[in-house]
Every structure is written in structure tokens, then in C-alpha cells.
Amino acid sequence: MSETESKPKSNFIRNIIDEDIKSNRYEGRVHTRFPPEPNGYLHIGHAKSICLNFGLAEDYGGKCNLRFDDTNPVKEEDEYVRSIIEDVKWLGFDWEDRLFYASDYFEQMYEYAVQLIKAGKAYVDDQSAEEIRETRGTLTQPGKESPYRNRSVEENLDLFERMRKGEFPDGSRVLRAKIDMKSGNLNMRDPVMYRILHARHHRTGDNWCIYPMYDWAHGLEDSIEGITHSICTLEFEDHRPLYDWFLDQLCVFHPRQIEFARLNLSYTIMSKRKLLRLVKEGHVSGWDDPRMPTLAGMRRRGYTPEAIRDFSDRIGVAKADSTVDIALLEHCLREDLNKRALRVMVVLNPLKVVIENYPDNQTETFEADNNPEDPSAGKRPLKFTKTIYIERDDFKEEAPRKWFRLAPGKEVRLKHAYYITCTKVIKDPDSGEIVELRCTYDPNSRGGWTDDGRKVKGTLHWVSAEHAFKTEVRLYERLFNKENPEDVQEGQDFTANLNPDSLKIIPEALAEESLKDTKPGTLYQFLRIGYFVVDTVDSKPGKPVFNRTVTLRDSWARIERTQNK
Ligand code: ATP
Ligand code: MG
């Protein structure tokens, strides 16, 4: 990384914070929060928000809270809470002792609501949800005031208390803020603060049968925690006047809401509702399927926290929506894996090669670099024998010009081992399929180099027939085959764009011996093939399963090179 890149890039949020520090708005404090609703697993979009909120706190010597915005009892589950905690930790961020639940503030929120009622700023409305919707008006037409709008404070206090006690059925009444039914901003037309919902909450159980709405709850949560900068996505821009109104009416600590554009990624969907559908309908094996854009899925796919944080830095923050090319994310991943992945040899589609002039029962051991980018990764022994396997694709009987791999009469290098020349092709007499190659080796090319300076263009990966073992390899591709998965014909939905070839299983690839006792989660580069990770779910001791993380071809690097020309 160059010096300029390692300094945090300035952006409009940092400019706002810098100004606030200069004017001593919050006594120079910076306190942010990441507030997920525990109704799904975190995805790469959330990662952007996590990196932003925790990153700002780190850069300014401030704090960042992890807060579960668990105000909706219906869709929330403990499984999601656990996964979110795991994912934020995995990304490398620390909330210290500041893990909070919005549901812990229910009593305080209730008291604030009573305060608003007493101030004549909130009322109980007996209209149905449908009536409320119908009288809300439109962008061009003002709304209509509720017939219950001018109830006395006493009656409102009494009704609100009885709502809490459970005297009324779901949907029969709501508490609304009394603002302005003619406001040009629809969010200000007497928004609902509480609804009746006789539902069990994952933490408060049956204590409550009224639940606060997002707009009412969120600012209070921020205020109670002393958040200074409440960063959210663009769709809340129109809600900011309401955020401010509630806090102003209550005369409580008033954080500043700042909106930024959410992350959209090509070939990816990020709506939790849609991701849940993929899981429920069995299009994927679960929230942690390696094709999912969830952090759990990406971790299982072999993504590293470093790659995701680098990606998040590079995309920055903006005020306008756009879609980021997934090739950039994959580029960040390759850059990181190139530094840390151990190089090994695995043959996906094996073709047998017998080296005729090699002694029958000899085994030689070569020392192979684990990572040429990182000498501290050490070396490993690699065994060579008379019979080996190479990749079927690395041989062509009728080789075109510029074919640098193996062909009859051609010489190539076997990585870390010897030069070999193909002398004979053996075919199945019935099918005509090539079943075996015969080669000779040059004993003077030990380690893959000769004294005479003779050069070969091609280097192949290989495994020793005697030492390799069979292993399952899973080749993952993008889950969707359209850049915008939502781009569908009438009558279809995003599932129409699912890529039918997003997973190809190779049940019996041949892996070099050293991989037998690898550990789940270990990252590898299979030479010439791609980056792989040992699957954390389906691997067993002595029986690893490998997931392809990403191929070697970096389309983003190519784009960058052409742009710099
Ligand atoms: P929904 O509200 O539809 O369930 P959500 O994606 O907004 O989904 P939250 O759990 O409310 O889910 O999100 C937690 C935080 O992550 C919010 O502050 C939200 O702004 C942020 N966030 C969610 N999706 C993205 C995204 N694609 N890019 C950046 N930030 C995001
Ligand atoms: Mg949300």
C-alpha cells in the first residue's frame, strides 16, 4: 500500500465530523453505532456499514456500539443475534462492553411517549390501519385529520395505558404523533409511534403487547446511548425531520443523523427478505452457503476479513446510489489471498502419465515453496514417482501453434520436478478416448531447471499416483447470471436469474499428499487453477472438502491496466 492509501480517505461524513469537532458540538466526541435488526444474517452491504461505523470510531479515537434493533417481535430470532455477533467479531471489530438491545429501552421509550402525550404532542387513534393509510394523503394532496386527534390528554393517557395492559386487540388502536397532516413530507403526517401486537418477543417475552415503530424508536436508542453521529442509508433522508422532531419535543440528547448511499453489487441481491427466500426455497444450502453474499457464506467461501475491509475502504462512501462491480470485490480478495494462500498441487481432471525412463520403484522428494510471496511460509516435501497425473486439459494431441503445454514430441516442465517429453499416446480402443500418456524425463533437469540453459515455455502441475489422494472439490460460480438479478421479464422474479451452474462438484479430484491433514478454513492456491479453502462444514479429519473461493483470472486488474494506459 502506498502512503496516501493508508491514510483514511476524506469523505463527506468525515467532513461533517471534522466540523462538529471544530465547533465542539459534542464536546469533540465521536460515538457511532451499528444497529442491525436481528431478522437475517449480515451481508456484504452490512459489512460496508460496519467498516464505516467502527472505522470512524477507530480513526477519531471514539467508540462504536453494537446494537440490536429488536423492536419487531415477529421476525426476530436468537439465531440471527448469534450470527451477527460472530460476523462483526470476525470482521475484526470490537464493541468492548457496549452490546445493546433496543428492547432494553422499552420502558424508557414508553415513558417518553407518556411525556409527549402530556405535552399534547401524541394521541391514541382508533382508526384502522387501512383508514390511516387512506387519510394520509399523497405527495400532491394533504392528509385528513383523524376524528380522534383532539382527544383530551387524560383520555389519551388512559387509553395508552390500557393499550399497554393488553385490553385491546391487535390493530384496534395506535399511538400517533400529533404533527401536521398537511406537511409536504409524508413522514410528518401524524406518524404512528406504537402499534398493538400480542406477540412474544425474543428477549422481553410477553411483557409487552405494544411495540414502538422504527422512526420513534431509533432516535431514542441513539439518544439514550449518547451516539453523536447516527449514520444510516439514503432511504432515511426523508425521515430525518421526524428523527429531529421527536428528539426536539423531548428535549433530550440529540445525535446527528447522516445518510449515505447503500452498497449495491453487480450479480448480487442483498434484500434480507429475498435472501431468506433463497434459503427457504432451497436454492442454496443455507444462510452460510458459499454462494450467498452473507458474511457467513463469504467466510465459508474463503473470503478474509482483510479483503472485505480493503474493499470497503476502496469503495468509500457517497451521497448517490450506484452499483459496484463485483470484480472489484474479487480483486481485493485475490490481492489478499496472493499474500497468504499456500501453493499446492491438485489435479481436477486427471490424465495418467507414465515416465518410461524413470526407475520403477523410486521415490524422490523435492522441497517445494509454500508461498513464493512469503518465504516465512516455509517449504514442504513433495514426492515424485514414475507414474503421475496431470490435468487432462494440459494435453492436446493436435496442438495449435503457441500451445505451450504438453503434446506429442513436446517438452514441458513439471513444477518443482523435471522436464518431460511426450513420446506416446495410449487410447481406449473402443471409445478412442486418451487414457494414458508415455513420456521420458531429463535427469539433468532436477528441480525443474537444466544446466544447459534449455528453456521450456510450459509448466504443469501434477501429483504422484502413489501419493495423491482422492478428494471432493466444489467449483462455485456466481449465484446469478445477470448483472442485475432484478432485471426480469413480466411474471418472473429474481429467481429466474439464478445461475444453474453456480455449483459444480468434482467428487474425485487428486490432491497432493500434504493436503490430507489440513485444517478447515485453511486457504490455498491450487497452482494454475484458483484459490480454494477447506470447507468448515463438510470436511472430516483426513477427508477435506475444498471450496473454490475465486479463480485466478482478475478481470478488475485488467480494467485498471487499460484505464491507466
Ligand atoms: P431491512 O431493514 O430491510 O430488514 P436492512 O438491510 O436495512 O434491512 P438492518 O438490519 O436494518 O437491515 O441494517 C443494519 C444497518 O446496516 C443499517 O444501518 C443499514 O443502513 C445498514 N445497511 C444495510 N444494508 C446496507 C447496504 N447494502 N449498504 C450499506 N449499509 C447497509
Ligand atoms: Mg433497516
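Atoms within a ligand are numbered from 1 in the order they appear, just like the ligands themselves. One-based numbering along the sequence shown. Since the model is a prediction, treat every value here as computed from it, not as a measurement.
- R291 and S502 share a side-chain donor-acceptor pair at under 3.5 Å.
- For ligand 1, none of its N or O atoms has an N or O atom of K48 under 3.5 Å away.
- Taking only nitrogen or oxygen atoms, main chain and side chain alike, F34 does not reach within less than 3.5 Å of ligand 1.
- With a 4.0 Å heavy-atom cut-off, ligand 1 is reached by the side chain of N39 but not by its N, CA, C or O.
- At a heavy-atom cutoff of 4.0 Å, ligand 1 is contacted by no atom of S271, backbone or side chain.
- Each of the atoms 16 (O), 21 (C), 30 (N) of ligand 1 lies under 4.0 Å from some heavy atom of S49.
- At a 4.0 Å heavy-atom cut-off, ligand 1 does not touch R273 at all.
- With respect to the salt-bridge test (charged N to carboxylate O, under 4.0 angstrom), the residues R240 and D244 do not qualify.
- Short contacts between ligand 1 and H43, defined as distances under 4.0 Å to a heavy atom of the residue, involve ligand atoms 24 (N).
- Screening K272, E79, E86 for a side-chain hydrogen bond (donor to acceptor under 3.5 Å, both in side chains) with Y41, the sole residue that qualifies is E79.
- Below 3.5 Å of separation, one finds an N or O of E37 facing an N or O of ligand 1.
- Distances from atom 23 (C) of ligand 1 to the heavy atoms of K75, R33, H46 show the closest one on H46.
- Nearest heavy-atom pair across V550 and L337 is CG1-CD1, 4.2 Å.
- Using bins of under 30°, 30° to 60° and over 60° for the plane-to-plane angle, the ring pair Y110/W208 lands in the tilted bin.
- Using a 4.5 Å heavy-atom cutoff, the side chains of V252 and Y112 are in contact.
- A salt bridge is absent between K22 and D18: the closest approach of a Lys/Arg side-chain nitrogen to an acidic carboxylate oxygen does not fall below 4.0 angstrom.
- Heavy atoms of R262 found under 4.0 angstrom from ligand 1 belong to the backbone as well as the side chain.
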